Amino acid sequence: MITYILRSLLRNKTRSILTIGAVALTTFIFCFVRAIDSGMDRLLSSSGAEKKLIVYHKNRFCYATSKLLERYVPRIAEIPGVERVLPLKVYVSNCRASLDIVTFEGGPTDELLASRPIKVVAGDLEQWKRDEDAALVGVALAKRRSLSPGVKFRVGNVLVNVVAIFESGSSVDDNIAFTHLGYLQRIPGLNSVGYVTQIEVYLKDPARSEAIARQIDDMFATDESPTDTKPERAFLARKTRDLAEVVTFARVLGYVCVLVMLAILANTVVMAVQDRVRELAMLQAVGYDVQRVAAIVLAESGLAAFAGGLVGAGIAALVLWWTRLGIATEGIQVEFALSFGSIGMGVVSSTVAGAIAGIAPAWHASHLEIADALRSL
Amino acid sequence: MALIELRGVTKVYSKGGRDFAPLKDLDLDIEKNEFVALMGPSGSGKTTLLNIISGIDKPTRGSVRVGGVDVPSLSRSKAAQWRSRAIGYIFQRYNLVPVLTAFENVELPLLLHKMSGAARAKRVTLALQAAGISHRANHTPTELSGGEEQRVSIARAIVADPQIIVADEPTGDLDRDSASAVLGLLTRLHREFGKTLLMVTHDAKAAEIAQRTIRLQKGTFLTPEPGASSGNGTRPPTPSPAPTAAGAAP
């Protein structure tokens, strides 16, 4: 029977190819949306949970406007329960959502290395510690901008000398270039000597995160730069809120794609059934019962959708693996992450949509008036 | 008891708000191993009668028993299952699946039965041989002539070894030579393999090969003309069938 089903699928090659292509395209979009969704989930779940607090300028939502006095750092470090403090000057090429954002983070070198578990894969780490204008570039950013040790790299007013490439296992850090704090503070036009963008606070006991955050904010409530302190996950969630809304919209689009696929498939299967009404009646005349005829039509529909799903999910996986696409907002990189689960979900969704699309034509095919259908041209 | 037994069979269709009765109160007995030709002008109800006997259509009134089975009482699926065992259907327009080879077309009814691939292949080969078309087993219908296609259709009808073969104008689309070959094959199925044949035809010459000819007009049987060698109710002696199928035919 499988021979009959496969050959039936291939009898109108153009129609089959177009149908499989349409399913592949919708599955591709579906997988793409899933990848953005997974990337967001991964970003938020990989963050340091409640063990790390981010101190930011109150009521400021962009790196360019958050200015905290550097003198806050020793005061925060003195709070009981704080293990270590990392002041960071952040410079981003674009505050808005973009597919290609370059983020510089300048911090005291030793504290920075102690706080970020990185592994240098090319270049010289000691040179980075030594040279003021040296940059330690994340592997994803290096790949995207074709950077390697020895290359000079300019974004806006920031000109750095790439001396080493690192990988961290974190999609956020892999898209960052680390520099010296003082160097970034002195960039012409920034006017930020004595100021930092944010302060990372590492805690001894995550259970005290809420109390310490409140203590920090109370400490500077009436100071020049009132603070807003949040656990890292909440901070990232706020930073990526706009993106999350886009992702929600994209998710709806993904489901609409599945519906479009359903309509396309249903139309194709209806046409395929109408084209061979007499043949389906013949099958029933020689003894094929309602269930078998319905199963043939459903199998054809499901198989076409499965093939399209496989092609679409495969292309999506290849494209995302090859391009390592990601989107950044306010300097936070969300890497599209297509898991095997998402690929499977894409293929299964398209197959199920195919089977659902085949239900009405299958019912029609299996309940033909055999005598009338045999007389049809 | 006759193999096929119809009593008071009436079929009424509604068309454009008007009732139309292609069959009116028909009684008919067809014995086992009988070869009956069903003749009549277009619209006389021949195909409707064939479809009712084979369970494809249901009568509006009356009873239809085939091999002791009350056919109209069967559900659609049960009727299909019964047909797969009891009836071989030969169509005027062959109705072969264009994307399958002759072998695969003949194999279709056997896919409904539990049997090994080897046993299936053996039966298909025997059916193709019996229909004299085994040399074209790997060709698709588009590569076959009309006569060859009808032979494949006949092989498909006999492959499951049904007791009854119904043929709806099997020579209607064929040239004279092909028609003659197909009629010869049907005669052989009846004489050598002991099949009960019910054949609808417009062609008086084709009807001559049958033992009995039933004439339908406006949904009723015509009485036989005096001295006619065949007609309703005349039943020539049934030839004793050759031992069936097991080895000689599928």
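Model, not experiment: these values are computed from the prediction. Here is the naming used below: chain letters follow the sequence lines, and residue numbers restart at 1 for every chain.
- No more than 12 heavy atoms of other residues, nucleotides or ligands lie within 6.0 Å of CD in A:E369, so this atom counts as exposed by the packing criterion.
- Of the listed residues (B:L112, B:I56, B:L96), the one with the most heavy-atom contacts under 4.5 Å to chain A is B:L112.
- Interface residue B:R156: only side-chain heavy atoms are found under 4.5 Å from chain A.
- A donor-acceptor pair under 3.5 Å is formed between the side chain of B:R83 and the backbone N or O of A:Q284.
- The CD atom of A:E279 sits 7.5 Å away from atom CG of B:L100, with the distance rounded to the nearest 0.5 Å.
- Taken from CZ in A:R292 to CD in B:Q81, the straight-line distance is 8.0 Å, to the nearest 0.5 Å.
- Neither the backbone nor the side chain of A:L10 has a heavy atom closer than 4.5 Å to any heavy atom of chain B.
- Ranked by non-hydrogen atom pairs under 4.5 Å with chain A, the options B:L111, B:V97, B:N51, B:D57 are led by B:V97.
- What you find for A:L374 and B:F91 is that their closest heavy atoms are CD2-CE2, 3.5 Å.
- Put simply, CD1 on A:I370 and OH on B:Y89 are 9.5 Å apart, with the number rounded to the nearest 0.5 Å.
- When heavy atoms are compared at a cutoff of 4.5 Å, B:E104 approaches chain A solely by way of its side chain, counted from C-beta outward.
- Annotation for A:F249: atom CZ does not count as buried by contact number, only 12 or fewer foreign heavy atoms lying within 6.0 Å.
- Within 6.0 Å of CZ in A:F306 there are 12 or fewer heavy atoms belonging to other residues, nucleotides or ligands.
- Between A:R375 and B:T47, the shortest heavy-atom contact is NH1-CG2, 4.3 Å.
- Annotation for B:S84 and A:G287: closest pair CB-CA, 3.7 Å, computed over non-hydrogen atoms.
- The two residues B:R76 and A:V290 make their nearest non-hydrogen contact at CD-CG2, 3.5 Å.
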